[in-house]
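A quick write-up on the structure given underneath.
Starting from 1, each residue takes its place in the sequence as its number.
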Amino acid sequence: MSDPIGGEVPQQKADVVADAINRLLTELSVKCAKEEGVRDYFHVAVVGYGATVGSAFAGSLAGRDIVPLSEVADNPARVDERSKKVPDGAGGLVETVVNFPLWMDPVAHGGTPMNRALQYAESLVAAWTERYPASFPPIVINLTDGESTDGDPTTAAEAITAHATADGAALLFNLHVSAAGGTPTAFPDTADGLPDSYAQTLFAMSSPLPSHMRSYAASQGQRVSETTRGFVYNADITTVVQFLDIGTRATELR
């Protein structure tokens with residue numbers, strides 16, 4: 001994950017992934033904020049894998065697995081300042097400083113024990129579906145540089161999607177950030193054109209997008225069909241963020 005990600009502006013994969021996840025947690029918190037506070041429409045786990053496998057939360061949430069969103073919103077590890085360009089009201093852009101909450105830090109060392117990470121995720125999914133059998137099923141979003149270093153992850157992936165709630169099977173989406181080159185691909189409905197066996201395995205492991213996610217993906221300009229899968233290859237930062245947004249469009253919030 002220390003390699004650069006694809007796209008016009010090279011960035012380290014680990015930095016892109018950490019920024020995208022931190023931004024996603026911010027947007028989820030804002031989306032679920034009501035007058036009385038942040039509602040727990042989501043429970044969130046962030047699992048890191050490399051030299052170790054386990055919770056990637058930092059700060060006061062370190063070591064926690066599944067955390068209600070209200071607790072996540074209230075407990076960022078720290079708040080950084082980032083530069084952002086905004087409209088100046090006269091047709092141009094002006095640079096300003098904004099707060100950027102951080103719940104996890106980029107880490108890029110060790111192998112890619114995807115098999116063990118998915119087994120860890122499966123244990124969380126199993127416990128959650130047993131506790132909340134009437135809820136929308138869990139969504140596991142696997143962000144990876146692709147090559148599993150501890151064996152074929154297919155069986156572990158199948159174990160995740162074998163769990164279900166009353167609304168359907170658990171979903172597994174994969175985002176492959178590769179330095180191997182090849183044409184960036186988002187939400188394909190076939191493995192044709194994917195550059196290697198790692199991308200093809202991740203595509204095969206990915207769940208088809210439910211109809212409401214397909215509709216949202218189409219509204220964002222993605223070409224989708226009934227067999228479109230939750231898989232993105234060699235994405236740039238814009239596509240990474242869009243993928244995470246589509247992947248967390250679980251249901252209409254009430």
Quiz prompt | Linked, directly or transitively: Leu194 and Phe187 (ILVMFWY side chains, under 4.5 Å) | solution = no
Quiz item: Taking all atoms of both residues into account, what is the closest heavy-atom pair of Asp167 and Ser135, and its distance?
Solution: CB-O, 3.9 Å
Quiz item: Are Phe100 and Val38 linked, directly or through other ILVMFWY residues, by side chains that come within less than 4.5 angstrom of each other?
Solution: no
Quiz prompt | Spacing of Thr161 atom OG1 and Met205 atom CE [to the nearest 0.5 Å] | solution = 9.5 Å
Quiz item: What residue among Val17, Leu143, Asn234, Asn142 forms side chain to side chain contact (heavy atoms under 4.5 Å, CB included) with Leu175?
Solution: Leu143
Exercise. Would you give the length of the straight line joining atom CZ of Arg82 to atom OG1 of Thr96, rounded to the nearest 0.5 angstrom?
Key: 14.5 Å
Quiz item: Side-chain contact, heavy-atom cut-off 4.5 Å: Arg214 with Glu226?
Solution: yes
Quiz item: Applying the 4.5 Å side-chain criterion to the ILVMFWY set and letting contacts propagate, would Val232 and Met114 be lumped into a single cluster?
Solution: no
Self-check item: Side chain to side chain, Pro188 and Phe203, heavy atoms closer than 4.5 Å
Solution: yes
Practice problem: For the residue pair Val47 and Val53, establish whether any side-chain heavy-atom pair is separated by less than 4.5 Å. | Solution: yes
Quiz item: Do Asp74 and Glu71 touch side chain to side chain, with heavy atoms closer than 4.5 Å?
Solution: no
Practice problem: Could you tell me which non-hydrogen atom of Ala56 sits nearest to which non-hydrogen atom of Met104, and how far apart they are? | Solution: O-CB, 3.4 Å
Quiz item: Hey, are Asp65 and Ser55 close enough side-chain-wise for a donor-acceptor pair under 3.5 Å?
Solution: no
Quiz item: Any idea which heavy atoms bring Phe173 and Pro208 closest together, and the distance?
Solution: CE2-O, 4.4 Å
Quiz item: Can you name the salt bridge (charged side-chain N to carboxylate O under 4.0 Å, His left out) partners of Asp152, sequence neighbours left out?
Solution: none
Quiz item: Do Glu122 and Leu118 have side chains that get closer than 4.5 Å, going by heavy atoms?
Solution: no
Exercise. Drop me the distance from Thr129's OG1 to Arg131's CZ, to the nearest 0.5 angstrom.
Key: 12.0 Å
Quiz prompt | Sub-6.0 Å ring centroid separation between Tyr132 and His43 | solution = yes
Practice problem: To the nearest 0.5 angstrom, please state how far the CG atom of Leu25 sits from the CZ atom of Arg23. | Solution: 12.0 Å
Exercise. Would you check if the side chain of Asp150 reaches a backbone N or O of Arg116 as a donor-acceptor pair within less than 3.5 Å?
Key: yes
Quiz item: Under the 3.5 angstrom rule, does the side chain of Trp103 hit a backbone N or O of Ala58 as a donor-acceptor pair?
Solution: no
Quiz item: Do the side chains of Ile139 and Met213 get nearer than 4.5 Å, heavy atoms only?
Solution: yes
Quiz prompt | Nearest non-hydrogen partners of Ala45 and Leu124, listed with the distance | solution = CB-CD1, 4.0 Å
Exercise. Check whether NZ of the Lys or CZ of the Arg Arg64 lies under 6.0 Å from the centre of the six-membered ring of Phe57 and within 45 degrees of that ring's axis.
Key: no
Quiz prompt | Between Asp189 and Ser225: side-chain donor-acceptor atoms closer than 3.5 Å | solution = yes
Quiz item: Of all heavy-atom pairs between Phe231 and Ala199, which one has the smallest distance, and what is that distance?
Solution: CZ-O, 3.6 Å
Quiz item: Any sub-3.5 Å donor-acceptor pair from Thr185's side-chain atoms to Thr183's backbone N or O?
Solution: yes
Quiz item: Are Ile21 and Leu28 in one and the same hydrophobic cluster, where Ile, Leu, Val, Met, Phe, Trp and Tyr link if side-chain heavy atoms are under 4.5 Å apart?
Solution: yes
Quiz item: Would you say Pro101 and Asn22 make side-chain contact, with heavy atoms under 4.5 Å?
Solution: no
Self-check item: Inter-residue atom distance Ser60.OG - Asn75.CG, 0.5 Å rounding
Solution: 3.5 Å
Quiz prompt | Thr112/Asp145 under side chain to side chain donor-acceptor pair (under 3.5 Å): CA gap, chis, key distance, verdict | solution = CA-CA 8 Å; Thr112 307; Asp145 58 4; 3.2 Å; yes
Practice problem: Start with the C-alpha distance between Thr201 and Thr154, add both sets of side-chain angles, then the distance that settles side-chain contact (heavy atoms from CB on, under 4.5 Å), and finish with yes or no. | Solution: CA-CA 7 Å; Thr201 295; Thr154 302; 3.9 Å; yes
Practice problem: Scan side-chain atoms only and decide if His163 and Glu130 contain a donor-acceptor pair under the 3.5 Å cut-off. | Solution: no
Exercise. Check whether any side-chain heavy atom of Ile66 sits under 4.5 Å from a side-chain heavy atom of Val44, and report yes or no.
Key: no
Practice problem: Would you tell me whether Asp40 and Ser70 have side-chain atoms, one donor and one acceptor, within less than 3.5 Å of each other? | Solution: yes
Self-check item: Separation between OH of Tyr120 and OG1 of Thr52, rounded to the nearest 0.5 Å
Solution: 9.5 Å
Quiz item: Only one of Asp80, Val79, Thr26 forms a side chain to side chain contact (heavy atoms under 4.5 Å, CB included) with Asn99, so which one is it?
Solution: Val79
Quiz item: For Glu36, which residues count as a salt bridge (charged side-chain N to carboxylate O under 4.0 Å, His left out) partner, sequence neighbours excluded?
Solution: Arg39
Quiz item: Hey, is the main chain of Ser207 close enough, under 3.5 Å, to the side chain of Arg229 for a donor-acceptor pair?
Solution: no
Quiz item: Under a single-linkage definition using a 4.5 Å side-chain heavy-atom cutoff for Ile, Leu, Val, Met, Phe, Trp and Tyr, are Leu102 and Leu61 assigned to the same hydrophobic cluster?
Solution: no
Practice problem: Please answer whether the main-chain N or O of Val97 pairs with a side-chain N or O of Ser83 as donor and acceptor at a distance below 3.5 Å. | Solution: no
Quiz prompt | side chain to side chain donor-acceptor pair (under 3.5 Å) assessment of Ser148 paired with Asn115 | solution = CA-CA 7 Å; Ser148 175; Asn115 199 28; over 6 Å; no
Quiz item: If every non-hydrogen atom of Leu209 is compared with every non-hydrogen atom of Gly230, which pair is closest and at what distance?
Solution: CD2-CA, 4.0 Å
